[in-house]
Amino acid sequence: MVVPELRPWRAARPQVERIANAVRPRLARTVTAVKPRAARLRRALASRSSHLPRPRAVGTWQYTAGAVTAGLALAAGVVTVAGPWDANGQRTAERDRAIALERSGGADHGGAGTTAGAPRPAPSAAPVLVGLDGATAAVGTKKAAPGGKPLPDVLGPLLDAPALGDGHAAAVVDMTTGKRLYGTDSGEALTPASTTKIATAVAALSALGPDHRFTTRTALEPDTGELVLVGGGDPTLTARKDAGGWAGLRQLASGTAEALKRRGIHKITLSYDTTLFTGPALHPIGVNDNLAPVSALTADEGRTDDSTSGPAPRVSDPAQDAATKFAGFLKDAGITTTSPGPSKASTRAQGLATVSSPPLSDIVERMLTNSDNDIAETLARQTALASGRPGSFDGGAEAISARLTKLGLPMTGASFHDGSGLNRDDRLTPDLLTGLLATAGDPIRPGLRPVLTGLPVAGFTGTLTSRYADGAAGVVRAKTGTLTGVNTLAGTVVDADGRLLAFAFMASGTADPQAAQAALDKAASALAGCGCG
């Protein structure tokens, strides 16, 4: 017969288990100590009772002995409820967990089981945080010894390195207090290169929100019977067979084909609509492997190879390219189309199918980690549209500036001409860059947090994957910026005092980009290892 567990016991069981957890070691020791005495007492009682001629009243000491024995039995029963014990009175599971917590790393720590060429597993942090490359410079939680160098004495010589050219500016801010800890020409506006993307990210998230998605759709014109592929300005739309979590052009074609077949349509005129964006599609830098012509309809950023980031040859007309691929996918699904051409969907067009991008938070992270120029220019236009401005280079630049001004950021000297930082006429200051990072970390603005989580991790991700081989790998998180004669670095780091700092280092007139990058990385590593006041 199975006896059901009583309801009061079910309710009390968690509390009993917690009590048992607390008293187990003492109970175990008590049981061990009392067991011999209890045995002797039991033998004495047995011997005494055999000589008794008749029953008699039980004495106080007998009640005491019986109570002790019963209490120990009850305690042992309660303890048993909570699980197995080993010979030392310690619960086996607790012992195993304690041992596990004392280990220095996981199963893959140290590279065990990692195949050649595979990504390195994330290492476990040491009790005191150090550079993940094993650098001896402390990047820990202990404060610097009294009399340690002030921050200007640490950073000044490093930022005066000849490799950083004829002009540099820098700022360091405590992100918790907002206090500026270091500044040299921090209000000077210099060419920011790709650190401009930090501003673009803050503006886009502020205007649209982290959960916003971009939608690409198809529509059927009721009068002409024309099928229109309508670009929604999704910079991550992909024609690849494996969409990888992004909006898929193949999926859109499949949904569209099903909708047409339900209407008995198997042959149709195909057009595409890119009117969401306006103005010049070609960036002022001209035809360039770093950026395709900006269009509201594009697949895989117009890349002509299998790459997903970095420079690559691009198609001259991304919308035409995407529509042609879409026509091919429709054909595979049993729908024949004409050669696609530009058009505009009317307000009377009937929706057929849609695909949407991941949330903007994911797109911003991808933009920052990979320094993706195509995403940056699209987000600048989307910010413009959300702000009531034209979706163009000029509209995007104006909208970014307006959004940052509204956030109360220091805009003196700042000038925007695009969203990617490829335009050499862009101007930002170290004060603005550190202000952007501090604003993104503000607890009252959680929607801006992807700006921080998207920053490349030194030695591990994005544009910092191959940097910091002899510095604070895994500790520095920063956005890089590189143009001919320009090198910048802006991001966050936890210093030796445990403070989260935002920093921005900007250099112009650099002659050797590799040497300049190394100098900036050295400065960031020194900041991480400094317990400076």
Side-chain angles (χ1 to χ4, degrees), residues 171-176 178 192-214 235-236 309 357-380 382-383 386-387 396 399-411 414 416 418-421 426 428-458 460-464 475-481 488-494 500-506 524:
V172 178
V173 171
D174 186 319
M175 290 185 64
T176 301
S194 279
T195 53
T196 301
K197 294 182 178 72
I198 297 174
T200 302
V202 169
L205 288 167
S206 175
L208 298 163
D211 297 325
H212 185 82
R213 298 173 187 262
F214 306 118
T236 65
S309 63
S357 71
L360 179 59
S361 56
D362 290 357
I363 297 175
V364 162
E365 289 182 334
R366 173 172 165 176
M367 174 188 71
L368 293 172
T369 300
N370 295 332
S371 195
D372 194 304
N373 298 306
D374 298 87
I375 292 178
E377 294 303 345
T378 299
L379 293 189
Q382 294 283 11
T383 302
S387 304
I400 291 172
S401 181
R403 285 285 169 180
L404 302 189
T405 299
K406 187 175 181 180
L407 288 171
L409 289 159
M411 298 297 290
F416 293 93
D418 65 2
S420 63
D426 290 335
L428 273 70
T429 66
D431 279 342
L432 176 54
L433 285 170
T434 52
L436 287 164
L437 294 166
T439 299
D442 192 332
I444 69 173
R445 293 189 173 93
L448 300 182
R449 205 57 44 80
V451 175
L452 301 183
T453 56
L455 294 173
V457 180
F460 281 90
T461 62
T463 55
L464 289 185
V475 177
V476 172
R477 301 185 68 128
K479 181 71 198 72
T480 58
T488 59
L489 189 69
T492 65
V493 69
V494 177
L500 178 62
L501 308 180
F503 68 90
F505 304 148
M506 307 180 72

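Looking only at distances, no side-chain donor or acceptor of S357 sits under 3.5 Å from a matching main-chain atom of R213. Looking only at distances, no side-chain donor or acceptor of T196 sits under 3.5 Å from a matching main-chain atom of P192. No donor-acceptor pair under 3.5 Å is formed between the side chain of R445 and the backbone N or O of A440.
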Would you sort out whether T383 and T200 count as a side-chain contact (heavy atoms from CB on, under 4.5 Å), showing the intermediate values?
CA-CA 9 Å; T383 302; T200 302; 5.7 Å; no

Working for side chain to side chain donor-acceptor pair (under 3.5 Å), residues T463 and S371:
CA-CA 7 Å; T463 55; S371 195; 5.8 Å; no

Take E377 and D418 through the test side-chain contact (heavy atoms from CB on, under 4.5 Å) and record every step on the way to the result.
CA-CA 7 Å; E377 294 303 345; D418 65 2; 3.3 Å; yes

Is there a side-chain contact (heavy atoms from CB on, under 4.5 Å) between L205 and H212 once you walk through the steps?
CA-CA 9 Å; L205 288 167; H212 185 82; over 6 Å; no

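Between T461 and V457 the shortest heavy-atom distance is OG1-N, 2.7 Å. In this structure, L489 and A524 approach most closely via the heavy-atom pair CD2-CB, 4.2 Å. In plain terms, the two heavy atoms of A376 and S420 that are nearest each other are CB-CA, 3.7 Å. Across all non-hydrogen atoms, the minimal contact from P443 to R449 is CA-NH2, 3.9 Å. Closest heavy-atom contact between I400 and G419: CD1-CA, 4.2 Å.
Using a 4.5 Å cut-off on side-chain heavy atoms (C-beta onward), L437 and L452 make contact. Taking the side chain as every heavy atom from C-beta outward, L360 and L379 approach each other to under 4.5 Å. Counting heavy atoms from C-beta outward, R477 and P456 have side chains that stay 4.5 Å or more apart. For the pair M175 and T434, the minimum side-chain heavy-atom distance is 4.5 Å or more. Taking the side chain as every heavy atom from C-beta outward, T492 and L501 never approach each other to under 4.5 Å. Looking at T378 and D374, their side chains never come closer than 4.5 Å, going by heavy atoms from C-beta outward. You'll find the side chain of D442 stays beyond 4.5 Å of the side chain of L448, heavy atoms only. The closest side-chain heavy-atom distance from S194 to T488 is not below 4.5 Å.
For the atom pair CG of L208 and OG of S387, the computed distance is 7.5 Å after rounding to the nearest 0.5 Å. For the atom pair M367 CE and K479 NZ, the distance stands at 8.5 Å (nearest 0.5 Å). A distance of 8.0 Å separates OG of S206 from CG of L404, quoted to the nearest 0.5 Å.
A side-chain contact (heavy atoms from CB on, under 4.5 Å) with L436 holds for exactly one of L407, D431, L409; it is L409.
Using a 30° and 60° split on the angle between ring planes, F505 and F503 fall in the tilted class, from 30° to 60°.
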